[in-house]
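Just the heavy atoms: all of them, side chains too, but no hydrogens, waters or symmetry mates, feed the values below.
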Amino acid sequence: MTTVETQTTTDAELDAIFGPIFERIAAGAVAREADRQLPFEEITWLRAAKFGALRVPVEHGGYGVTVRQLFRQLIALSAAESNLPQALRVHFSFVEDQLLAEPGPARTDWLRAVAEGTLVGNAITEPGVGAVDRYRTRLTRDGERWRLDGTKFYSTGSLYADYILAAADRDGERVGVLVDANAEGVRQHDDWDGFGQRLTASGTTEFSDVTVTEDRILGPGYGAPGATYATSYLQLVQLAVLAGIARRAESDTREWVSARTRGYTHSAADLPRRDPLVQQVIGRLSAAAFAAEASVLAVADVLDAVLADRARDESLVVAAELAAARAQLAVIDLVLPATTLLFEVGGASAVSESLRLDRHWRNARTISVHNPAIQKARAIGDHLLNGSDLPFAWSAGDRSPATEVPS
């Protein structure tokens with residue numbers, strides 16, 4: 001059995017490699033936000049440093065890190081640019097699937113491709129009526145080939161990717177399909193219009209008569225029945241984004257306050273940094289960032305155990321899902337108030353467009369609506385009170401009476 005969890009690169013080594021890159025990325029974050037400039041160049045820096053290969057074993061050209069180490073770096077990248085970890089979310093899940101696959105040429109080829117800079121995006125969620133019943137995107141046999149047709153939205157990261165992992169219906173079966181991003185019949189649009197996470201490229205992808213070879217049909221797609229590590233893993237990337245936002249919100253606010261000289265006649269000190277009330281705000285922001293990161297890494301430890309066992313122990317998989325669900329509620333409740341509280345340190349000056357401090361709240365608010373927290377809280381309570389299954393397999397869209405869930 002192939003070992004996928006051997007730690008071969010230390011945190012200090014990873015920080016030395018990626019820290020300077022993250023600093024370069026952070027330096028342009030405000031300008032990119034102001035101009036809605038997609039971070040294609042920044043993606044090339046990450047490719048060159050093999051960031052997408054953090055979990056790929058050393059023998060295949062990667063870093064061979066643990067899940068905890070991966071999420072530690074994702075938090076740091078999010079603090080530099082919160083759009084990027086979200087854009088890479090499905091890529092890391094794809095890598096994890098390859099690590100769990102049986103050894104063979106295909107697995108080796110994909111892991112080596114990732115180590116050489118290959119990135120994978122996604123096209124899973126569908127607009128309009130969605131895919132509560134089945135995907136409207138269809139994979140159909142057409143003579144000697146397979147054909148993919150359909151429209152997707154929230155195709156996060158696919159504009160930056162070499163391949164797109166698409167979810168499709170094949171005669172009533174949910175399947176995953178891997179498509180070349182530049183294949184004939186693939187059209188991508190940067191039409192995501194959310195007020196936050198604007199640079200994730202989470203727009204529309206259209207597939208029109210796209211040829212798919214047999215080896216690119218990956219088996220059961222997202223939303224297939226049964227417990228899976230993937231839902232907790234993908235959720236945890238979103239929480240790493242929130243933890244990184246909290247870290248950057250605290251550091252941006254602290255840096256601004258440290259240099260500020262304007263105060264008020266009724267302030268408790270001449271300088272804002274000496275004001276105990278302002279100090280209290282910074283302390284609370286720091287605590288929120290610390291607790292959010294600790295929550296993410298605690299769930300990562302559970303996922304390390306799940307994946308070291310190759311996700312065979314369903315009780316461990318359920319434990320990871322429950323941990324990620326609990327962390328989701330806790331981290332959102334920490335980070336959203338913190339990104340609002342930061343404005344208390346400076347009056348009207350704090351809302352200057354040049355500072356863009358508002359981006360922290362907008363980004364946090366946007367990332368927090370993925371997998372709505374009210375539904376997650378209910379699912380946790382139902383699981384604990386009644387033993388109901390956690391919602392591993394779910395989709396968004398219109399629900400007909402035939403798909404209603406009994407109360």
What distance separates [X] [atom1] from [Y] [atom2], expressed to the nearest 0.5 Å?
X      : Y      : atom1 : atom2 : value
Leu329 : Leu239 : CG    : CG    : 9.5 Å
Thr156 : Leu88  : OG1   : CG    : 11.0 Å
Thr339 : Arg248 : OG1   : CZ    : 15.0 Å
Ser158 : Asp190 : OG    : CG    : 12.0 Å
Leu390 : Leu384 : CG    : CG    : 8.0 Å
Arg359 : Glu353 : CZ    : CD    : 12.0 Å

Geometric cation-pi criterion Arg55 and Phe92, 6.0 Å radius, 45° cone: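 That pair does not qualify as a cation-pi contact.
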Would Arg170 pass as a cation-pi partner of Trp146, given that its NZ or CZ must be under 6.0 Å from the six-membered ring centre and within 45 degrees of the axis?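 Checked: cation-pi criterion met.
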Between [X] and [Y], which heavy-atom pair has the shortest distance, and what is it?
X      : Y      : answer
Ser93  : Ala230 : OG-CB, 4.4 Å
Val302 : Ala323 : CG2-CB, 4.5 Å
Ala249 : Leu342 : CB-CD2, 3.9 Å
Pro85  : Ser78  : CG-N, 3.6 Å
Ile25  : Leu77  : CD1-CD1, 4.0 Å
Val299 : Ala327 : CG2-CB, 3.7 Å

Is a donor from one side chain sitting under 3.5 angstrom from an acceptor on the other, for [X] and [Y]?
X      : Y      : value
Ser395 : Arg174 : yes
Gln197 : Ser202 : no
Gln86  : His370 : yes
Gln188 : Ser155 : no
Asp15  : Gln73  : yes
Asn83  : Thr200 : no
Tyr163 : Asn122 : no
Glu321 : Thr231 : yes
Ser388 : Asn386 : no

Going by the angle between their ring planes, with limits at 30° and 60°, are Phe22 and Phe18 parallel, tilted or perpendicular?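 Parallel: the ring planes of Phe22 and Phe18 meet at under 30°.
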Tell me whether [X] is salt-bridged to [Y], with the criterion being a basic N under 4.0 Å from an acidic carboxylate O.
X      : Y      : answer
Arg260 : Glu255 : no
Arg68  : Asp11  : no
Glu102 : Arg107 : no
Glu126 : Lys152 : yes
Asp252 : Arg356 : no
Arg145 : Asp142 : yes
Arg136 : Asp149 : no
Arg254 : Glu250 : yes
Asp171 : Arg141 : no

Tell me, with the steps shown, if Glu41 and Arg32 meet salt bridge (Lys or Arg N to Asp or Glu O under 4.0 Å). CA-CA 11 Å; Glu41 183 177 14; Arg32 286 191 299 274; over 6 Å; no
side-chain contact (heavy atoms from CB on, under 4.5 Å) between Leu242 and Ile332: does it pass, once the steps are laid out? CA-CA 7 Å; Leu242 281 169; Ile332 289 172; 3.9 Å; yes
Would one find more than 12 heavy atoms of other residues, nucleotides or ligands at under 6.0 Å from atom [atom1] of [X]?
X      : atom1 : value
Phe153 : CZ    : yes
Glu214 : CD    : yes
Asp382 : CG    : yes

Worked check of salt bridge (Lys or Arg N to Asp or Glu O under 4.0 Å) between Asp309 and Arg312: CA-CA 6 Å; Asp309 184 60; Arg312 291 173 299 193; 3.8 Å; yes
Arg216 vs Asp180, test: salt bridge (Lys or Arg N to Asp or Glu O under 4.0 Å). Steps then yes/no. CA-CA 10 Å; Arg216 296 292 183 83; Asp180 291 16; 2.7 Å; yes
Side chain proximity check, [X] to [Y], heavy atoms < 4.5 angstrom:
X      : Y      : value
Val318 : Phe392 : yes
Leu14  : Leu54  : yes
Phe94  : Trp110 : yes
Leu139 : Val175 : yes
Glu293 : Arg247 : yes
Tyr233 : Leu307 : yes
Val296 : Ile75  : yes
Val120 : Asp162 : no

Going through the distances and angles, do Leu74 and Leu70 end up as a side-chain contact (heavy atoms from CB on, under 4.5 Å)? CA-CA 6 Å; Leu74 288 175; Leu70 167 64; 4.0 Å; yes
Does [X] use its side chain to pair, donor to acceptor, with the backbone of [Y] at less than 3.5 Å?
X      : Y      : answer
Thr137 : Gly150 : no
Arg273 : Val257 : no
Glu42  : Glu81  : no

Is the distance between the ring centroids of [Y] and [X] under 6.0 Å?
X      : Y      : result
Trp45  : Phe40  : no
Phe343 : Trp361 : no
Phe51  : Tyr63  : no

For Leu199 and Arg36, run side-chain contact (heavy atoms from CB on, under 4.5 Å): C-alpha distance rounded to whole Å, both residues' side-chain angles, the deciding distance at 0.1 Å, then the answer. CA-CA 7 Å; Leu199 310 181; Arg36 203 178 189 282; 4.0 Å; yes
Give the C-alpha distance, both sets of side-chain angles, the deciding distance and a yes or no for side-chain contact (heavy atoms from CB on, under 4.5 Å) between Tyr229 and Asp97. CA-CA 10 Å; Tyr229 85 92; Asp97 285 342; 2.7 Å; yes
